[in-house]
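Report on one structure; see the data block that follows.
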Number of protein chains: 2
Amino acid sequence: MTDIARECGITKMTVSRVLAGGDKVKPATKARVLAAAKKLNYEVNTLAKNLTKGRSGFVGVATPFEGLLGTCYFGECFRGFSKARKRFDLDFVLFDTKLESFQDGEKLTQLYRQCRFDGLLVLGAHMNDSFIESLKSAGIPLVIIGEKPLSSEICSVSCDNTGGVELLCEHLYTLGHRRIAFVEGPKNLKVAKSRREQYLNFCRTRKLITPPHYLQPGTFQMSSGREAGKALLTGHTRPTAIIAANDSMAFGVIESARELSLRVPHDVSVVGFDDLDDASQYSPPLTTVHQPAFEMGKLSAQKLFKSIDTDILPTGQTVLNVSLILRESTAVPPSGPST
Amino acid sequence: MTDIARECGITKMTVSRVLAGGDKVKPATKARVLAAAKKLNYEVNTLAKNLTKGRSGFVGVATPFEGLLGTCYFGECFRGFSKARKRFDLDFVLFDTKLESFQDGEKLTQLYRQCRFDGLLVLGAHMNDSFIESLKSAGIPLVIIGEKPLSSEICSVSCDNTGGVELLCEHLYTLGHRRIAFVEGPKNLKVAKSRREQYLNFCRTRKLITPPHYLQPGTFQMSSGREAGKALLTGHTRPTAIIAANDSMAFGVIESARELSLRVPHDVSVVGFDDLDDASQYSPPLTTVHQPAFEMGKLSAQKLFKSIDTDILPTGQTVLNVSLILRESTAVPPSGPST
DNA sequence: ATTTACTATGTTATCGGTAACATTGTGTAA
DNA sequence: TTACACAATGTTACCGATAACATAGTAAAT
């Protein structure tokens with residue numbers, strides 16, 4: 001930059017003005033500076049620029065590596081983030097929320113105060129996310145994605161998990177199912193809780209029978225769906241329909257049915273939640289609830305960027321709609337529709 | 001920092017020395033400084049620190065979002081990166097190689113020169129990665145992960161794709177299969193090419209019949225495996241074994257067999273490549289080649305970190321071993337083993 | 001002609017650290 | 001006692017940009 005100034009016989013300051021957008025600079029000077037800049041292969045030093053602005057130009061993305069990184073949901077969300085990024089002076093840095101040092105938010109707060117990032121996207125909230133409160137109170141621009149936190153003070157973008165499960169239940173009920181079981185997700189995830197609660201809620205409202213083993217534990221992984229399916233399909237009072245709290249587990253349930261020589265959906269209906277890419281490829285293609293991961297990513301990133309630009313902490317809890325995707329894994333129960 | 005200095009009645013410089021590691025500082029002074037630092041809630045400004053060092057403290061991870069982000073492979077690799085990171089003054093920034101601006105390396109070179117990152121990990125190399133050459137010539141510390149590039153000048157960590165396919169072919173051949181088909185990956189990926197070449201190579205060596213349609217195109221996605229499987233299993237000269245260039249497509253092939261009421265492995269053997277989490281959960285559990293994604297990630301990150309620390313560009317091409325995982329998707333061909 | 005009001009550019013300080021060299025003080029060898 | 005080496009700290013400049021204010025020059029208004 002100093003070189004450019006010398007080359008043009010002017011001050012560094014004027015050069016800075018040109019390069020920053022050239023507001024009040026004589027067109028002739030401007031042209032000369034730009035020419036010199038090109039000639040000298042000038043590139044801004046983002047570090048220096050950000051130092052004066054007190055920003056790093058990086059947005060943290062905190063997510064449990066083990067649970068989400070490498071899943072379709074993560075990928076879609078992240079594509080959403082990137083899409084929202086119009087300006088190219090912001091990039092994304094990944095942090096693992098499972099690391100011990102992050103559990104209490106200490107580490108993230110520290111990283112923020114060290115200007116290591118300008119704001120934070122939290123993907124996949126846990127039940128015990130006390131760390132979110134502590135981040136919030138540290139004044140970090142923050143958006144939660146996945147399920148809205150308890151405190152309404154915190155900005156979040158989620159999808160209608162409750163409504164989604166409602167759609168699934170309603171669909172099965174309408175087909176005539178009365179013995180509906182549920183495979184739930186990890187107990188420490190909020191989305192898992194929301195989905196389970198709504199299932200229980202539905203059963204209560206419609207007065208469906210729910211033997212204790214109808215609520216099977218799961219981990220959101222295919223293997224746990226398989227185990228749960230086995231338990232359900234070999235146990236007493238066999239359900240005619242099984243809701244898995246996500247698609248992966250639904251695949252597992254279908255596998256277990258196959259092992260037991262039960263046909264889906266003829267002998268048992270199976271539904272999932274997420275609408276993974278593979279859901280339409282499976283045999284049978286899976287009836288499930290579509291979760292708008294891409295939109296969620298995009299929207300949350302937009303909120304965060306806006307907050308960073310305006311220096312106003314993000315607010316508001318957005319809940320996106322979900323939709324039921326009817327495919328071929330559901331049918332009327334084998335005994336025929338109930339009345 | 002200036003505050004601390006004032007508090008202790010000394011200079012900023014001494015404070016800096018203490019905080020940087022306190023080489024030649026009197027223990028008493030050191031203690032006083034540390035106490036004051038804690039009292040004043042001091043946190044380094046990483047931006048400023050890095051400005052003087054000319055480093056950003058961020059490592060770029062360039063990967064095609066569409067192909068790899070959200071896959072198990074990506075997740076494992078990334079966990080490997082994180083594991084390799086002993087020091088916490090380096091974090092990872094994601095870039096999408098599919099973005100037009102990245103195609104020729106221009107954008108990445110620019111980001112590097114703007115101090116936006118200190119080094120680059122390239123995950124998932126394409127055939128037409130001319131941009132890698134241009135990055136190399138720009139002097140960017142660079143490690144390629146996935147398949148080694150043509151130029152041996154460039155540092156890479158890959159796994160033995162050729163050997164892996166060899167293991168699969170050998171396994172099937174030993175079981176007695178002579179009609180072996182192959183579902184290949186996207187034509188623009190290097191790994192896909194390596195795997196295909198080795199299959200063709202094997203067929204040539206063993207003089208196996210290979211009607212043109214035995215080499216089916218694919219995209220590495222389940223749906224393409226399904227289509228390829230359908231074509232192979234309904235076509236003439238039905239193969240007794242099908243090698244899919246990755247696990248996802250193998251799942252698709254199995255689905256297609258199921259649709260056609262063919263049993264795996266009784267009627268047709270199917271193998272994959274990658275050893276995804278779900279491979280062991282599928283029915284039948286998939287015989288496949290285990291790819292050490294985690295180790296690849298770890299190793300490549302180590303190489304890059306070392307390079308950044310020493311200011312010597314990374315070199316050497318490491319090829320990690322793969323192993324055949326025998327499960328239940330392969331058996332002797334229906335006609336009995338050949339001689 | 002003088003004031004006014006900009007416009008275009010220059011000055012200086014600052015962001016929060018570090019490098020390099022300068023200075024003081026202290027203990028030890030000559 | 002003097003000199004020298006080394007330990008502990010201070011000075012100054014600089015990394016590469018920008019903010020805030022200052023100044024010179026020019027055109028329009030009076």
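What you see is a predicted model; the values in this text were computed from it and never measured. Keep in mind that the numbers below use all heavy atoms, side chains included, and drop hydrogens, waters and symmetry copies. Below, read A as the first sequence line, B as the second, and so on, with proteins coming before strands; counting in each chain starts at 1.
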query = Passes side chain to side chain contact (heavy atoms under 4.5 Å, CB included), A:Tyr42 versus A:Val15? Steps please.
reply = CA-CA 11 Å; A:Tyr42 169 83; A:Val15 176; over 6 Å; no
From CA spacing to verdict: side chain to side chain contact (heavy atoms under 4.5 Å, CB included), B:Gln317, B:Ser158 = CA-CA 8 Å; B:Gln317 314 211 134; B:Ser158 55; over 6 Å; no
Test side chain to side chain contact (heavy atoms under 4.5 Å, CB included) applied to A:Asp89 and A:Asn50, step by step = CA-CA 10 Å; A:Asp89 53 350; A:Asn50 286 334; over 6 Å; no
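In this entry the distance linking CE of B:Met1 with P of C:dC15 reads 13 Å, nearest Å. Here the P atom of nucleotide D:dG16 and the CZ atom of B:Arg113 are 13 Å apart, to the nearest Å. To the nearest angstrom, C1' of C:dT14 lies 13 Å from CG of B:Asn45. The nearest whole Å value for the distance from the CD1 atom in A:Ile4 to the C1' atom in C:dT9 is 17 Å. In this structure, B:Lys24 atom NZ and C:dG25 atom P are separated by 19 Å, rounded to whole Å. When rounded to the nearest whole Å, the span between CD of B:Gln114 and P of D:dC15 equals 19 Å. In this structure, CG of A:Asp3 is placed 10 Å from P of D:dG16, rounded to the nearest angstrom.
The pair A:Glu7-A:Lys39 counts as a salt bridge, with a side-chain nitrogen and a carboxylate oxygen less than 4.0 angstrom apart. A salt bridge does not link A:Asp3 with A:Lys12: none of the charged nitrogens is closer than 4.0 Å to a carboxylate oxygen. Checked for salt-bridge contact, A:Arg85 and A:Asp91 meet the test: a charged N lies under 4.0 Å from a carboxylate O. Under a 4.0 Å N-O distance rule, the pair B:Asp309/B:Lys306 does not qualify as a salt bridge. Between A:Arg79 and B:Asp96, none of the side-chain N atoms (NZ, or NE/NH1/NH2) sits under 4.0 Å from a carboxylate O, so this pair counts as no salt bridge.
Between the side chains of B:Lys98 and B:Thr63, not a single donor N or O lies within less than 3.5 Å of an accepting N or O. Side-chain contact check for B:Gln114 and A:Asn45: no donor-acceptor pair (N or O, by modelled atom type) lies under 3.5 Å.
Counting non-hydrogen atoms under 4.0 angstrom, B:Thr29 reaches the backbone sugars and phosphates but no base. The residue B:Glu43 sits close only to the backbone: its heavy atoms come under 4.0 Å of sugar-phosphate atoms, none of a base.
For residues 46-58 of chain B, proximity to DNA chain D is found at B:Leu51, B:Thr52, defined as any non-hydrogen atom under 4.0 angstrom from a strand atom. Within a heavy-atom distance below 4.0 Å of DNA chain C, the residues of residues 6-15 of chain B found are B:Lys12, B:Met13.
Defining each end axis of the helix from C:dA1-D:dT30 to C:dA30-D:dT1 as the rotation carrying four pairs' C1' atoms onto the next four, with five pairs an end, the two axes are found to diverge by 60° to 10 degrees.
The ring of A:Phe58 has its center no closer than 6.0 angstrom to the ring center of A:Phe92.
Side-chain N/O atoms of B:Arg17 and base N/O atoms of C:dG17 include no donor-acceptor pair closer than 3.5 Å.
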